[in-house]
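Residue numbers run from 1 in the order of the sequence given.
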Amino acid sequence: MSGIGHLGELEVMDFLRKDGKYSIYLPLKDHGIDFISVNKNEFFQIQVKTSMFQKNSYFWFDLHRHKMVYSKNTFYVLVCKSLGSREFMGRKHNFLVIPSLRIKGWIETGALAEKSGDEDIFNIFIYPDFKMKRWVYRNKGKSLDLTEYWNNFSLFEKGIEI
C-alpha cells in the first residue's frame with residue numbers, strides 16, 4: 001500500500017471512525033482485504049480502491065478477479081478522490097460502497113467488461129454526471145448506475161441479497 005491508494009484507505013478508515021459506530025482493525029497481511037471494521041457484534045471486510053479524476057472525465061479502478069473476496073460482509077469502497085479539501089459533486093467525500101456479492105453478480109452476468117487481453121482484470125471506469133448528480137460505470141458498451149452506492153455505508157447494516 002502506498003501513494004494514492006494508502007490515502008484512500010486512510011480516508012475511509014477516518015470517515016468510519018469519526019462516525020463513532022466503527023472500530024478499525026488492520027490484518028497482518030493484505031490478501032484482498034485492506035481492513036476490518038467492527039460495529040457492535042458485526043464485522044465488515046473492506047477493500048479500498050482509490051483513483052484521482054482522470055482527463056477531467058472519469059475515475060479508473062482495476063479489480064483483479066483472482067484477488068476478489070465475496071461474502072455478505074465484504075464491501076469494496078471505490079474512493080473517487082479530489083485534491084485537498086475540494087468538494088466534488090457537492091461532497092467532500094465520494095465513496096462508492098459496493099457489496100462484494102453485487103460485484104460478483106455483475107461479473108457472473110457479464111455486466112462488467114474484462115480488460116482487453118487480460119480476463120483477470122476488470123477496468124472500472126466511473127463517470128460522474130455533474131448535472132444529474134449521478135455516478136455511472138461505463139466500459140465497452142456496458143453501463144451501470146452506481147448512484148445508490150454513493151457514500152452509502154448504511155449498506156453495512158442492511159446487508160445485500162442476490
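Distance alone, capped at 3.5 Å, is enough to place a donor-acceptor pair between the Gln54 side chain and the Met52 backbone. With hydrogens and angles disregarded, no donor-acceptor distance shorter than 3.5 Å links the side chain of Asp14 to the backbone of Leu10. In terms of modelled atom types and a separation under 3.5 Å, the side chain of Asp62 and the main chain of Ile124 share no donor-acceptor contact. The backbone N or O of Tyr22 sits nowhere less than 3.5 Å from a side-chain atom of Asn39 that would complete a donor-acceptor pair. Side chain of Asn139 to backbone of Asn123: a donor-acceptor contact under 3.5 angstrom is found. No donor-acceptor pair under 3.5 Å is formed between the side chain of Thr74 and the backbone N or O of Val69.
Phe122 places none of its side-chain heavy atoms less than 4.5 Å from the side chain of His64. At least one side-chain heavy atom of Gln45 sits under 4.5 Å from a side-chain heavy atom of Asn73. Residues Val77 and Asp34 have side chains not in contact (no heavy-atom distance under 4.5 Å, counting atoms from C-beta outward). Under the 4.5 Å side-chain criterion, counting only non-hydrogen atoms from C-beta, Phe44 is not in contact with Ile36. Between Glu11 and Lys81 the shortest side-chain heavy-atom distance falls below 4.5 Å.
Shown here are the ring pair (Phe, Tyr, Trp, His ring centres under 6.0 Å) partners of Tyr25, two or more places apart in sequence or in another chain: there are none. Among residues two or more places apart in sequence or in another chain, the salt bridge (charged side-chain N to carboxylate O under 4.0 Å, His left out) test is passed with Asp129 by Arg134. Scanning for side-chain contact (heavy atoms from CB on, under 4.5 Å) contacts around Ala111 gives Trp106, Thr109, Leu144, with sequence neighbours left out. Residues meeting the ring pair (Phe, Tyr, Trp, His ring centres under 6.0 Å) test with Phe95, sequence neighbours left out: Phe15, His93, Phe153. In this view, Leu26 and Met13, Phe35 satisfy the side-chain contact (heavy atoms from CB on, under 4.5 Å) rule, not counting sequence neighbours.
Residue Trp60 belongs to a hydrophobic cluster whose other members are Tyr58, Phe125, Tyr127, with links defined by side-chain heavy atoms closer than 4.5 Å.
Each of Ile126 and Met132 belongs to its own hydrophobic cluster when Ile, Leu, Val, Met, Phe, Trp and Tyr are linked at side-chain heavy-atom distances under 4.5 angstrom.
Of all non-hydrogen atoms in Leu146 and Leu96, the two that sit nearest each other are O-CD2, 3.9 Å. Shortest non-hydrogen contact noted between Val97 and Leu155 is O-CD1, 3.2 Å. Pairing each heavy atom of Gly110 with each of Lys142, the nearest pair is O-NZ, 2.7 Å.
Using a 4.0 Å cut-off between charged side-chain N and carboxylate O, Glu114 and Arg65 make a salt bridge.
A cation-pi arrangement is present between Lys104 and Tyr70, with the terminal nitrogen or guanidinium carbon under 6.0 Å from the aromatic centre and inside a 45° cone about the axis.
Taking the six-membered ring for Trp and the full ring otherwise, the centers of Phe61 and Tyr76 sit at least 6.0 Å from each other.
Ring planes of Phe59 and Phe53: tilted class, angle from 30 to 60°.
Crowding of Lys140 atom NZ: a count of heavy atoms from other residues, nucleotides or ligands under 6.0 Å exceeding 12.
No side-chain donor-acceptor contact under 3.5 Å links Lys72 and Ser100.
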